[in-house]
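Throughout, a chain's letter reflects where its sequence line sits, starting with A, and its residues are numbered from 1. This one's a predicted model, so the numbers in the text were calculated from it and none came from an experiment.
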Amino acid sequence: MSDMESFRNETRSWLEANCPASMRLPEKEEDMIGGGTKQVFTNPDAKVWLEHMADKGWTAPAWPKEYGGGGLSQEEHGILQDEMMRIGARAPINGMGFSMIGPTLLDYGSEEQKKAHLPKIASGKIRWCQGYSEPAAGSDLASLQTRCEDRGDFFQINGQKIWTSGAQYADWIFTLVRTDPKASKHDGISFVLIDMNQPGVTVKPIRLISGNSPFCETFFDSARCEKNNLVGQLNRGWTVGKRLLQHERSSISGLAGGGRRGRYEALGRLPEIAKQYVGEADGRIAAPALREAVLINQMNQRAFGLTQRRSMEESHSGGTPTFATSMFKYFGSELGKERLELQLEAMGTQSLGWDKQSFDDLESSLTRTWLRSKAGTIAGGSSEIQLNIIAKRVLGLPD
Amino acid sequence: MSDMESFRNETRSWLEANCPASMRLPEKEEDMIGGGTKQVFTNPDAKVWLEHMADKGWTAPAWPKEYGGGGLSQEEHGILQDEMMRIGARAPINGMGFSMIGPTLLDYGSEEQKKAHLPKIASGKIRWCQGYSEPAAGSDLASLQTRCEDRGDFFQINGQKIWTSGAQYADWIFTLVRTDPKASKHDGISFVLIDMNQPGVTVKPIRLISGNSPFCETFFDSARCEKNNLVGQLNRGWTVGKRLLQHERSSISGLAGGGRRGRYEALGRLPEIAKQYVGEADGRIAAPALREAVLINQMNQRAFGLTQRRSMEESHSGGTPTFATSMFKYFGSELGKERLELQLEAMGTQSLGWDKQSFDDLESSLTRTWLRSKAGTIAGGSSEIQLNIIAKRVLGLPD
Amino acid sequence: MPLVLNEEQNMLKDAAKDFCRNNMPITQLRKLRDENSEAGFDRETWSQMVELGWAGITIPEDFGGLGFGYTGMGVVMEECGRTLACSPLLATAALGAGCILHGGNDDQKNELLPRVAGGELLLALALEETPHHSPYGAATVAERSGDAYNVTGSKKFVLDGHIANKIIVVARSSGEAGDREGLTLVMVDSDADGVDITRTIMADSRNAANIEFSKVQGELLGEEGKGADVLDQVLDIGRILLSSEMLGGLQECFERTIEYLKVREQFGVPIGSFQALKHRAAQMFCEVELSKSVVLEALSALDESADDIAELSSLAKARLNDTYNLVSSEGVQMHGGIGMTDEYEIGFFMKRSRVCEHTLGSSAFHRDRYGVLQGY
Amino acid sequence: MPLVLNEEQNMLKDAAKDFCRNNMPITQLRKLRDENSEAGFDRETWSQMVELGWAGITIPEDFGGLGFGYTGMGVVMEECGRTLACSPLLATAALGAGCILHGGNDDQKNELLPRVAGGELLLALALEETPHHSPYGAATVAERSGDAYNVTGSKKFVLDGHIANKIIVVARSSGEAGDREGLTLVMVDSDADGVDITRTIMADSRNAANIEFSKVQGELLGEEGKGADVLDQVLDIGRILLSSEMLGGLQECFERTIEYLKVREQFGVPIGSFQALKHRAAQMFCEVELSKSVVLEALSALDESADDIAELSSLAKARLNDTYNLVSSEGVQMHGGIGMTDEYEIGFFMKRSRVCEHTLGSSAFHRDRYGVLQGY
C-alpha cells in the first residue's frame, strides 16, 4: 500500500470516529462557525468537531505544524478534502483568518508574527476581519486616508474603514493605513494588525438590501497598534495588501476550497428546481427560453470548473499558469449572479417573498441570497476592476 | 375636399399614369439607380420613370422647386411616400447626392452653389461620392491629412481618401481636406467639392470580404478644385462635415425614407424564413432557442420603428427632440447585423454557400449581405463612436 | 396612434410629478415598510389621490369617473413609478374597475364604479394559482346555486388582497386548468364566510395575498363560462398600465445612476469618464428610449380600441421587464458598495423591478404570446 | 483526465505549429481560392502531412497508423486551425477512418486503414439531408441485394465529397427519418454507377458536395440497422476534433486582434487604451480560456474512453461555436474598416467560424443534447 493509500485509510477512519453525525448534514449559512472570542455554539457538536480538527491541525491542513497547521502536502490535503466530502463533513471553521491573513502572514510575516497569530487562528480562538475600503476609496483602494502616526512606542490610528465584513464578531483587524501622507499614492501605505478589543475602535453594522448586516463601518479614534504588528516594511504595505487581495479573490471566485462544495448548494440544483417550478415536457424543462438560459449557465459553470482544475494542474506541473486570479473572480461572480437571476425566473413569484411565514425555507433564503449575490461583482475589486487588470496584466493592453 | 385630399388624389392618378409596371416590382440591389454620367439603364423603364419623376421634381420632393425639387410640404411628402408605397413604386433614384450633399448644400451652400449643383442631382445627371476617411484617420476623422493648398486661382489637392463608396461610378466628390496644417486638429479643415473627371483623380476599388467592391480608394495627385467649390468658410469645414455626418447616420440607420421599405426585404421576413428552414411545431418556429432570439430581434425592431416615428412626431409637434441621431445609427445597425446572424442560424448550411450554382438566389445573396452587414457598425462612425457621442452629448458624461 | 402627449396629458403629468415627489417619495415606502403598515399604503395619501380624481381616471363620467383615458392614467402611473409610490391604483382602479367596466351589467356598473372612483371601494383580482402568470390556469371552481355562485379554491399573489373590500375571483364553471373556455368571474365580499386571507409581504415591500375560498358565495360578473373575454381585456389594461409604472421607475433609476456617474470620483476623476461605463450607460439610454415609445403606443392603442392591443401589451410588458431589470441591476452595480446598502434608495428599484417582472407575465410569457399572435 | 499536455504531445504541437506556419499559412488558402483549385487543398502539402504521420495519428499501429491518440490529433488540428489550413484531415482521418475503425470488420480495417494512413485513400461521410445537422435524419434508403447494399437518396454538405475515393453513406434500412434505429452505413466508391456529385464551394472557401445516389451498390460497414451505434461515436470524435481546429482559429484571431489594439492609433493613442475595448478584450480572454479547458477535457475523454464523451463533445462544440463567432465578429469590428477588406486576413476567420458552427451541430443542437443527456 502506498503512503497515500494508507493516509487515505487513516483519514477515513479518523473522520468516521471524530466527526459528529450532525456535522455531516448540509450546513445553513447561519450555522457557519467563524471562531473567535464572541463565537456562540448553538450546537455543541460544532464545538467538539472544531476541537478535534484543531487538535489534528486540520483546520488549516496545509499550514506548517509549528504554527498550528496540519503540515499536509498538496496531495494529502486533496485526500482530506475528498474524504470530508465523502461523508458530507462541514468545514469545522471558516473565515478571513484562514483565507486571507493566514496565507499573507505565511508569505510576509516575521517569525514572531507567525508564532503569535497563526496558532490562534488555527485553533479558532481569534477571529479576524479586513480593514481595506474607505468611504471615499472604493475601487480606488490606494487613495485610502486612515492615518497611522508614529508615537515612539506605538502607532496611533485615526480614520474610518467601511465594508469590514464580520467586524462585529472579530477580535483583530488587518488593515491598510497611510503612514506617509507626503509620498505618492501607493508609496505611503503600511499593513498593520490591530487589536479590536480597545476603546479606540468602534464598530457599526451596515444594513444591506438583503436585510442582513454582514458588513460594518469601523472607526479608529486614536486607536493603538503595537509596533511589532507592522507586517512587511513601513510604507511598503501596498505590496502585502495586493498579495492578500489575490487570496481574497480566489476565495470569492470559489477557487479556494469552498468552490468544491458549491456555493449555492442550499438553493438546490438549478435544473431540478426549474423542472419543479415550471414543469417538464418530454424530459426537458418545460419553458424553452428558461431552459436555454439554464443550459448556458450550467455549461459555462462546468467549463469554468474545468478551467479552475486546469489552472491548478498547470501550476503543479511546473508550467507557468496562464491565468489571472482576476479572471476567476470576474467570471465566477458573474456566473453566480446569473444563476440566481435564473432561479428567480424559474420560481416566479415564489422567489420574491419577504415575510418568512408565507414562503418555504428555500424560497425565502433565495430572495436574500439573490440580493446578496449582487455584492459578488462589487466587493473584493469590482468586475470592472478585474477586467482592467486582465486587460493590462494578462493581455498587455496599454494604459 | 381638403387640400391634402386633393393632393392625394392627384398624386395617385399621376403615379398610376406615369409609373411603369416594371417599376412597381420589388427591386434587387443591382437594379438600383444611382444616376450620373456613367449610369447604364438595363431596363429602359427605369430611365422613363426617372425622367417623369425628375420633371415633377419628385426625385427630391422636399427640396425647393428652384433647385429642381418638388417644393412639397412635410405632409405632402408623406402623402407622396404613402402613395408610392401603395403601388410598390421603386425610388426613381438613390444616392449621396440626395441623402448627404444635397441637404448639406441646402444648409450651408451659397446661392451659387445650390443653383450649380442641386438641379443636376435632382435630375440624376450628376452622381456624388464622399471623401472623408483616410487610411490613418478612421474613427478619428479629424486627424485627416489630405492637403489643400491655395494656388491663387484655384486649390490644389494632394492625398488619399479611403472608403469612398461608389467612387468608381461618381462624377463629383465632396470631401474634407486640410487647409491649415498648423492649426489645431479641428480648426484647419475645409469642406470642398471636387470634379472627379480630371487626370489628378484616380480611383481604385477595394475588394471586401463579401467579394463586392462598393468602396474605393481615391487618390488626389495635384488635383484641381475651383475656389467657388469651397462650402462654408475656409478652415471651418469641420462644422459642415459634422452636419453632413448626421445626414449619413440617419440614412444608415434607416431613419430617412429608406427605412420605410425595410432594408432586407429581399431576404424575406425573418420569422417566415425560420419556419421554412427549421419547420414549425404548434404554429411556432420549431427551434425554441432560435424562436426566442428571433422574437427578441423582431420586437426590438418594432420598438425601434416606433421610436423613429416618435422622434419625427416630437420634432413636428415643436417639442425638443430628445434623441440623438447616434442612437438610431448605433441601434439600427446593430439590429440589422443581429437579424442577419439569425437568418444564418435559421438557414444553416444553406446560408453559407459561395458558388451561386448550388444555392438559390435568396441563399447566396444572404451570405454576401451578412458579410456586408458587418460594415454597418463600422462605417459612418462605428458603434463605439456613436456610444461615445450619446454618453457625452446626450447624457452629459464627462470626458 | 400619437406618440406624443397632448397638452391636457402633459398638464396631468406635471401635476402627478409634483404630487408624487411631495406626497409619496421613496421615504414614504421606507416608512410603510419599517412601521409594518397594516394596509401597505398610506390611507391619507390615498384620499388625496382620490380627490385628484385618480381612482376614476379611466372610469367614464357617467359612472362618476374622469373619463380621461388610459394615456392619462399611464402618465400618472409613470410618475408613481418614479417614486415607487404604494397605492391601490393598479389593483383597484386598473384591474378591479376594469373587470366591472368590461364585465359588469348596468346595475353593477352604476352601483360599484362610482364607489371605486370615490375611493371607498377597494378591489382585488384573484387570478394566479401557480408562481407563474397563467391567465387561463384557474382550477378554482365556481358552482351555480340559484342566482349566486359558490367559489372554492386557492389563489396566490393576489395584489392588495389583504385590504380589498371585494375580490373578483377567476374561477371555472367547466373545463380544466389551461382551457380558455369555461372561466367565470365571481365577485365576493372579502369578509364573506369561507374567505381566508393571508397577507404576504413581497421583496419590494408591497403586498399580495394567498387566499383560500371554501364555498364562498358571490355574484357573477359577465357571462358564465365566458370570463376569458373580459379577462383578456382587463389583463392587457393591467399590463400596459403596469408597464407605465415600470417606465417611471426605470427612468428614475437610470437618471439617478447617470447623476452618480457624474459626481462619484475614483482614481481622481468622475467614474462617468470611464469609457466602459459610458458605453453601458449609452446602451441603457437606447433601451430606455425604446421603452418610452412602446408604452406610449400601447396606451394610445387602449384609448383608440385598436386591434393590436394584445400584441402591443406583450411588446410593452416584455420590453419593460427586461429594461427595468437591466437598468436597476446596472444601477446597483454602478453605485458599487453603497448601492448594496439599505440606506441608499437605488436598491429599492431593483426589488420593485423583479416583482413587476413576475406580475401579469414575465418576458418569456409575453414573447411567446407575441410570437403566437404574429403567427410564429 | 489530465488538462495539461504531456511532453510528447507538446513536441507534436510544436512541430505542427512550425509545419502549418511554414507550409500552409493563410496565403495558401487564399491561393487555393483565387486559383479555384480543383481539389480545394494542396496535394503536395497533403503528402508532407502524410509523411509526418498525421493521416494516421489516431489509427492504431496494427493498421499502419501512429496510434498517438486523440489529444495528439487535437493539437495538430488546433495548429491547422490557426492557419486555416485546408486538408482532408477532418473528413478522411477523423470521420472516415473513424467509421471504419469503429464499424468495419477485420478485413475492412486491414485493407483500408493502412491506405488511409498512407494518404492514398480519401474518404467522405455523407450524412446530412437538410440544412441543419441531424444525426438520425437520413431518409436515404439502403436495400439489401445479396451481399451488397443498394443506396438511393440525396445528401447535402458532404465535406470533401468532391474528392473522396470512397463515400460512407448514412442510409436507412428501416424506420423513418429521425429514428435512431434502422440506420445502416454503406460504403460506396465515388466513381460507382449512380453517384452524381456536385461540388459546392462554401463561404470559407472550403468544399462540400451535394450528392445524388441512385441504386448505388456498396458494402456494409458495421451491422445493418445498427449504424447509429457507430455513427454516435464517430460524430463525437468529429465534433471534438473540429472543436480543436476551432480552438486554434479563435486563438489566432484573438491574438491578432489584441496585437492590432496595441499598434493601431486613433486620437493619438493606441485604440487598446480605450477602456470599452479593453473590457471586451478581457471578456473574450475569459471565453478563450474556458474554451481551451473544455477541448482538452473532451480530447482526454476520447483517449480514455470515458463515459461522458457525449456530454463533453456537446459542451465543447457549443462553446467553441459561440466563442469562435464572438471572437471573429469582434475581430472584424475591432479592426474597423480594414477588417472588412478581403486583403486583410481577419475576415477569413469569421467566414470559417460560421461554416464550422454549422458543421456537426450548431450551439442550439448541442445545448439541447447536453440538457437531454443531463436529464433536463
Quiz item: Given that the side chain runs from C-beta out, which part of C:Leu296 has a heavy atom under 4.5 Å from chain B: side chain, backbone, both or neither?
Solution: side chain

Quiz item: Are any of the side-chain heavy atoms of B:Met327 and C:Leu290 separated by less than 4.5 Å?
Solution: yes

Exercise. Could I get the full list of ring-ring contact (aromatic ring centres under 6.0 Å, His included) partners for C:His335, not counting sequence neighbours?
Key: C:Tyr260, C:Tyr344

Practice problem: Could you walk me through whether B:Tyr330 and C:His279 pass the side chain to side chain contact (heavy atoms under 4.5 Å, CB included) test, one step at a time? | Solution: CA-CA 11 Å; B:Tyr330 163 72; C:His279 280 200; over 6 Å; no

Quiz item: Which atoms of C:Ser314 come close to chain B, meaning under 4.5 Å heavy atom to heavy atom: side chain ones, backbone ones, both, or neither?
Solution: backbone

Side chains of residues 279-296 of chain B: which donor-acceptor pairs under 3.5 Å do they make with residues two or more places apart or in other chains?
from     : atom 1 : to       : atom 2 : distance (Å)
B:Asp282 : OD2    : B:Arg284 : NH1    : 3.4
B:Arg284 : NE     : C:Asp368 : OD1    : 2.8
B:Arg284 : NH2    : C:Asp368 : OD1    : 3.3
B:Arg284 : NH2    : C:Asp368 : OD2    : 2.9
B:Arg291 : NE     : C:Tyr376 : O      : 2.8
B:Arg291 : NH1    : C:Asp368 : OD1    : 2.7
B:Arg291 : NH2    : C:Asp368 : O      : 3.1
B:Arg291 : NH2    : C:Asp368 : OD1    : 3.2
B:Glu292 : OE2    : C:Arg367 : NE     : 2.8
B:Glu292 : OE2    : C:Arg367 : NH2    : 3.0

Practice problem: Decide if atom CD of C:Glu265 counts as having more than 12 heavy atoms of other residues, nucleotides or ligands within a radius under 6.0 Å. | Solution: yes

Self-check item: Top of B:Ile390, B:Asn300, B:Leu397 for chain C proximity - count of heavy-atom pairs under 4.5 angstrom
Solution: B:Leu397

Practice problem: For residues C:Arg319 and B:Ala303, report the shortest heavy-atom separation together with the two atoms involved. | Solution: NE-CB, 3.7 Å

Self-check item: Shortest non-hydrogen separation from B:Leu306 to C:Leu3 and the atoms involved
Solution: O-CD1, 3.3 Å

Self-check item: Point-to-point distance, once rounded to the nearest 0.5 Å, from CD of B:Gln386 to CD of C:Gln283
Solution: 12.5 Å

Quiz item: Is the number of heavy atoms from other residues, nucleotides or ligands under 6.0 Å of B:Arg86 CZ greater than 12?
Solution: yes

Quiz item: Salt bridge between C:Glu297 and B:Arg310, side-chain N to carboxylate O under 4.0 Å?
Solution: no

Exercise. Applying side chain to side chain contact (heavy atoms under 4.5 Å, CB included), run through B:Phe331 and C:Glu287 and close with a yes or a no.
Key: CA-CA 9 Å; B:Phe331 208 91; C:Glu287 300 295 346; 3.6 Å; yes

Exercise. First locate atom NZ of C:Lys278, then atom NZ of B:Lys392, and finally report the distance between them rounded to the nearest 0.5 Å.
Key: 7.5 Å

Exercise. Using a 4.5 Å cut-off on heavy atoms from C-beta on, say whether the side chain of C:Leu312 contacts that of B:Arg302.
Key: yes

Quiz item: Of the listed residues (C:Gly272, C:Ser363, C:Pro270), which shares the most heavy-atom pairs with chain B below a 4.5 Å separation?
Solution: C:Gly272

Quiz item: Is the count of non-hydrogen atoms from other residues, nucleotides or ligands lying under 6.0 Å from B:Glu75 atom CD greater than 12?
Solution: no

Exercise. Please say whether more than 12 non-hydrogen atoms of neighbouring residues, nucleotides or ligands are located less than 6.0 Å from CE in B:Met4.
Key: yes

Quiz prompt | Interatomic distance, C:Glu259 atom CD to B:Leu395 atom CG [nearest 0.5 angstrom] | solution = 11.5 Å

Quiz prompt | Heavy-atom closest pair, residues B:Glu313 and C:Val4 | solution = OE1-N, 3.7 Å

Exercise. Give the minimum heavy-atom separation between C:Ala318 and B:Met299, together with the two atoms involved.
Key: CB-CE, 3.9 Å

Quiz item: Do other residues, nucleotides or ligands put more than 12 heavy atoms under 6.0 Å from B:Arg393 CZ?
Solution: no

Exercise. Over all heavy atoms of both residues, which pair between B:Gly396 and C:Lys262 is shortest? Give the atoms and the distance, please.
Key: O-CE, 3.4 Å

Exercise. Could you have a look at B:Glu334, B:Glu272, B:Lys275, B:Gln298 and say which one has the most heavy-atom pairs with chain C under 4.5 angstrom?
Key: B:Lys275

